[in-house]
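Worksheet for the structure shown next.
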Amino acid sequence: MAKFKVNKKMGPVAVELPECPVCMDVMSAPIFQCQSGHSICNSCTRILLPPICPICRQAMTQMRNWQLEELISKATVPCPNRSTGCVYTVVSTEMEDHLKECIFREMACPIGIAFGRCSWSGKLKDILDHFKERHSNHCYLNTDNDININNISVSVDERYMYLIPQGKFLFILTLKVDTCQKLAYWVVQHIGSKKTAQQHIYGIQITSKQDDKRTVIFTDKCFNDAFDVNEIFRQARCGIMPLTMLSHFIKDGKLSFKFYVKRNQQNFKTKEKGHGSVKETNKGPRGPGPQSAGNQSRGKSPGPMHLHQRQKGPKGGNSNKQ
Ligand SMILES: [Zn+2]
Ligand SMILES: [Zn+2]
Ligand SMILES: [Zn+2]
Ligand SMILES: [Zn+2]
């Protein structure tokens, strides 16, 4: 029998809630009863054919066990991954969300999820070793070095993915070239909880090989891996760059960029929640800096990214704040 803690007004009390007599699993709403009053979990009720109680052979009814449903909704339950190290205890209705980001869960290989080329699954602590062994070209161990993508073209749809460890945390960088939308998307996800993800800011800095004064910097908060990356692309909640612009940074089919992750400062403020910012700078003669008057006539970028551009020339320092 599973042990639960129920939050009553007088404080948490440890009680034991009944398990489903059919599957022996934790009951979840709606809970239906048979004619003589046995309660059976939702998933078991749905597959009963004919709808006869497996305990007493009486017919199942549409009668709900409201008290039990309420008790279960208030109960805090330990994470099922407790045996492998998780110490989380959450209200049962929030368990589903926790299980998506529990770092002790069984995880599928991110390469397998994205490209279907790997069937590995395992624990978070083993992912890095798995990448080193099987996907070493998708793994960046030292972010002091540039990340290099060879054979990239703005005329071919492709997705590039890298696993990047930073201290004890793991991050996944995804770059998608979408020739239909004519856009490149950049997303960084932390493997772990949403909370930890939001405590990290990533930065991508791309410098033109033709003109080293031409640099684009994008910074944003990280998502966690429970967030579907395709949904992030679709909602444009990421770095977005026109392919025409990206092409300026590709030389002989090669794209190089710098990547870093840093701890989100407590007083870090973004003007628009959930949006990042992009700067395009030309390190010419330094102007008065980013506080100088903006050139408001510039066109808007296609995505939510904020283009801050500085122009060449003796004045320099033209910046744009949108
Ligand atoms: Zn059941
Ligand atoms: Zn019964
Ligand atoms: Zn857990
Ligand atoms: Zn794999």
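We count ligands from 1, going down the list as the structure has it; atoms in each ligand are counted the same way.
Between the NE2 atom of His135 and the SG atom of Cys109, the angle taken at the Zn ion (ligand 4) works out to 110° after rounding to 10°. With the Zn ion (ligand 2) at the apex, Cys34 SG and Cys56 SG define an angle of roughly 110° (rounded to 10 degrees).
Other residues, nucleotides and ligands contribute only 12 or fewer heavy atoms inside 6.0 Å of the CD atom of Glu96.
Among heteroatoms of the N, O or S kind in His38, ND1 lies nearest the Zn ion (ligand 2). The atom name of the N/O/S atom in His130 closest to the Zn ion (ligand 4) is NE2. Restricting His98 to its N/O/S atoms, the shortest distance to the Zn ion (ligand 3) is reached by NE2.
Thr89 and Thr76 share no donor-acceptor pair across their side chains, judged by distance under 3.5 Å alone. Side chain to side chain, Gln199 and Arg263 meet the donor-acceptor criterion of an N or O pair below 3.5 Å.
The aromatic rings of Trp186 and Phe257 stand perpendicular to each other, their planes meeting at an angle above 60°, with 30° marking the opposite boundary. Aromatic ring pairs are classed by plane angle as parallel below 30°, tilted from 30° to 60° and perpendicular above 60°; the pair Tyr202 and Phe218 is tilted.
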